Structures are given as structure tokens and as C-alpha cells.
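What follows is a single structure, written as C-alpha cells, with notes after it.
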2 protein chains.
Amino acid sequence: MILTTKHKELIERIGVFHEHKGMQPLVGRIIGLLLVHEEGEVSFDEIVENLGVSKSAVSNALTFLQAKDRCVYSTRPGDRKRYFALKVSDWREDFEKELLDIAEIQKFIDEVLEVRTQKNPEFNCKMKDFSNFLGFFKKEIPLLFERFKNQQG
Amino acid sequence: MILTTKHKELIERIGVFHEHKGMQPLVGRIIGLLLVHEEGEVSFDEIVENLGVSKSAVSNALTFLQAKDRCVYSTRPGDRKRYFALKVSDWREDFEKELLDIAEIQKFIDEVLEVRTQKNPEFNCKMKDFSNFLGFFKKEIPLLFERFKNQQG
DNA sequence: GATTAGGTTCTGTATTTGCAGAACCAACAG
DNA sequence: CTGTTGGTTCTGCAAATACAGAACCTAATC
């Protein structure tokens with residue numbers, strides 16, 4: 001597949017989006033490429049060529065993506081190349097994990113509340129509210145997916 | 001206020017939690033200190049002393065936190081010191097912003113769908129599902145806060 | 001008008017990151 | 001057993017980060 005300027009520009013933007021999430025630049029670009037590539041499966045050297053980076057960098061980035069379970073490769077009979085693809089089917093679990101991740105702050109809020117004195121009741125009260133909300137939020141996550149499934153019909 | 005080992009250890013852990021979110025180390029430690037400190041308001045040099053860092057580092061970190069609207073300072077009559085505090089009251093807006101932020105990926109998914117051919121319908125279909133869910137999710141966010149308020153009584 | 005208190009801005013630097021390039025390895029092909 | 005393909009691991013470096021320390025600024029104080 002030959003990438004147009006539009007493709008490349010979109011890949012870059014997807015790249016910086018993922019950089020903001022803490023990933024290293026190339027990892028974000030690879031995610032972009034795997035999303036944009038029409039077959040969804042892209043060989044190692046196609047990645048090297050399309051992104052214009054070294055084999056070593058691609059190798060490390062793919063190892064990382066596989067470790068994070070965001071990417072897999074398949075092979076074809078009589079072909080030693082690996083064809084990499086995103087695990088798009090896992091979007092539910094991945095998104096759920098992200099939500100639980102940002103709710104993780106509750107653990108710290110609760111520890112903070114245990115350690116704090118009563119010197120600033122208003123502060124404590126707001127923190128307690130936040131903690132309660134986070135508890136509520138965590139319980140709501142599975143229901144959210146269920147409601148989505150139902151309204152889909 | 002004198003910090004115990006327990007306080008300090010909790011501050012460190014809150015620090016690394018925020019580092020994982022992309023913040024620089026000291027910024028995370030300051031958030032931890034402001035959370036743990038019993039008055040909730042902490043002077044500039046109390047931060048310097050308790051965290052054992054330079055004035056310049058603290059100054060930059062506080063500038064950053066104020067720019068991000070996570071922190072404010074107040075002053076007291078006849079006292080030139082600034083007393084810094086977290087904007088704990090903003091937890092709703094902050095959390096909502098975080099949720100919208102992770103749903104931002106929808107924008108890219110949709111762009112990707114516009115650019116993709118029909119060569120891999122299964123892939124496209126799953127991406128479309130994900131996009132639909134993200135749209136649903138965004139609409140659910142305000143309802144979530146409402147439901148929380150109601151069940152609180 | 002010199003000094004001090006409370007910060008801020010500038011300059012330098014140790015550490016970390018992110019990648020390139022080369023050496024390397026394993027499997028298969030001739 | 002030699003060469004080639006497909007990829008990994010090792011070594012090194014340029015750039016970015018995150019902070020220290022010093023110089024600096026500003027308002028109050030003597």
C-alpha cells in the first residue's frame with residue numbers, strides 16, 4: 001500500500017496524541033500506521049520504510065506494543081515475514097482499563113484522608129465527596145458497557 | 001506542620017502516580033504535599049524545606065500548577081508569603097476533563113474510518129463500534145455526575 | 001539609600017530518552 | 001558450508017528533561 005500525504009499527516013497526528021499519553025514517539029506512529037493501513041496487517045520492513053526509521057527502533061517499539069498486548073503478528077505459509085496488526089477487537093477491555101486507571105487516584109485520596117487531621121474539615125469533606133464519586137464511578141463502568149450494548153439493539 | 005515518615009512515603013507514592021500521568025517528578029510531589037498537609041495551605045519555603053529541593057524548581061513547578069489551574073495561592077495581611085493550596089473544589093470539572101480527554105481518540109478513529117478502504121470490513125466494523133461507543137460515552141458523562149448527585153440524597 | 005525577605009529568571013549540568021548503525025543470530029536456500 | 005532474508009541486541013550519541021545554584025528583581029524595613 002502506498003501512503004498519501006493525507007495518510008502520513010494523520011499518522012503523525014495520531015502519533016502525537018499517543019505521545020501525550022506517555023508513549024514514545026515511534027510507538028504512537030506505529031499505532032497510527034496500523035490504524036490507517038488498509039489491510040490492517042503490515043510487515044516489519046513496511047513499517048521501517050513508511051516511517052523512515054531504523055530496524056532497531058521498530059523492533060523495540062513492536063516488542064513494547066506486544067508486551068502491552070496492543071499488537072500481535074501473524075505469519076503466512078512459505079513467508080518468513082511477520083505481519084503486525086493492532087488488537088482492535090480488545091477496545092472494550094482497553095478502554096475499561098483506561099477508565100479504571102484514572103479512577104486509581106481514589107486509593108491515594110483514601111490514604112490521604114486517613115492521615116489528615118480535622119484541622120480543615122471543608123477540605124476533608126470535599127476529598128471524601130471525590131472518593132465517594134470515584135467508588136460510584138467504578139461500579140458504573142460495567143453498567144455503561146451494558147447500557148451501550150442494549151441501546152445498540 | 002512536621003511530616004512523619006508515613007506522610008513522606010505517601011507523598012512519594014502520590015508523586016510517582018502523577019509522574020505516570022506525564023507530570024514532572026517535583027510537580028507530583030508538590031500535589032502530594034498539598035494533599036497531605038493538614039492545613040491544606042503551604043508556604044513556598046515550607047515546600048522547599050519539606051521536599052528538599054531548590055527554590056527555582058519549586059517556583060517553576062508552582063507556576064506550572066497554577067497555569068494548569070490545579071493550584072492557587074492566598075496571602076495574609078501583614079505577611080508577604082504566599083500560601084499555596086490545591087483547588088480541591090474543582091474535582092468534578094477536572095475529572096470530567098480527564099474523561100473527555102481519553103474519549104478524544106474518537107476524533108482520530110473517525111478520521112481513520114474516512115481514509116480507510118473497504119479491504120478489511122471486519123477491522124472497519126470494529127472501529128465503527130468503538131467510535132459509536134465513544135459517542136455514547138461522551139453523552140453519558142454528564143448523566144453520570146447527575147446520577148451520583150441523586151443517589152447521594 | 002542600604003538591607004532583607006520572598007520569589008523569579010538565567011545558566012549550567014547530570015540524567016534520561018529515543019533513536020541510528022553495526023554487529024549479531026537463526027532459519028532457510030543454493 | 002556459504003550466502004541471504006528477517007529480525008534482535010548492543011553500543012554510542014544527540015537532544016530533551018529536571019533540577020541546582022547564582023544572579024536577579026521587587027517591595028517593605030531599617
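Here is how names work: the chains are called A, B, and so on, in the same order as the sequence lines, proteins then strands, and each is numbered from 1. Model, not experiment: these values are computed from the prediction.
In this entry the distance linking CG of Asn60(A) with C1' of dT11(D) reads 13 Å, nearest Å. Taking atom OH of residue Tyr83(A) and atom C1' of nucleotide dG6(D), one finds them 11 Å apart after rounding to whole Å. For the pair Leu26(B) CG and dT16(C) P, the interatomic distance rounds to 16 Å; values are reported in whole Å. dA5(C) atom C1' lies 14 Å from atom CD of Glu49(B), rounded to whole Å. Atom NZ of Lys55(A) is separated from atom P of dT5(D) by 11 Å (rounded to the nearest Å). When the C1' atom of dT8(C) is taken as reference, atom CG of Asp45(B) falls 15 Å away, rounded to whole Å. Taking atom CZ of Phe64(B) as the reference point, atom C1' of dG7(C) lies 20 Å away to the nearest angstrom. Rounded to whole angstrom, the span from the CZ atom of Arg76(A) across to the C1' atom of dG6(D) amounts to 15 Å.
The aromatic rings of Trp91(B) and Phe148(B) stand perpendicular to each other, their planes meeting at an angle above 60°, with 30° marking the opposite boundary. Ring pair Phe133(B)/Phe137(B) is parallel by interplanar angle, where below 30° counts as parallel and above 60° as perpendicular.
Across all strands, Lys81(B) comes closer than 4.0 Å only to sugar-phosphate atoms, never to a base (heavy-atom distances). Looking at heavy-atom distances under 4.0 Å, Val53(A) makes contact with sugar-phosphate atoms alone, never a base.
In the set dA20(C), dA18(D), dT9(C), the nucleotide with an atom closest to the side chain of Gln24(B) is dA18(D). Closest to the side chain of Ser54(A), from the set dT9(D), dG21(D), dA20(C), is dA20(C). Side-chain proximity of Phe44(B) to the nucleotides dT26(D), dT9(D), dG7(C) is greatest for dG7(C).
A salt bridge is absent between Arg76(B) and Asp79(B): the closest approach of a Lys/Arg side-chain nitrogen to an acidic carboxylate oxygen does not fall below 4.0 angstrom. Between Glu93(A) and Lys97(A) no salt bridge is recorded (no basic side-chain N to carboxylate O distance below 4.0 Å).
Side chain of Arg116(A) to main chain of His37(B): a donor-acceptor pair is present (N/O by atom type, distance under 3.5 Å, no hydrogens or angles).
Residue Arg82(A) has a polar side-chain atom (N or O) positioned under 4.0 Å from OP1 or OP2 of dT8(D).
With DNA chain C read from its 5' end, the first of the two nearest nucleotides for Arg80(A) and Met23(A) is the one closest to Met23(A). Between Ser56(B) and Gly52(A), the residue whose closest nucleotide on DNA chain C is further toward the 5' end is Ser56(B).
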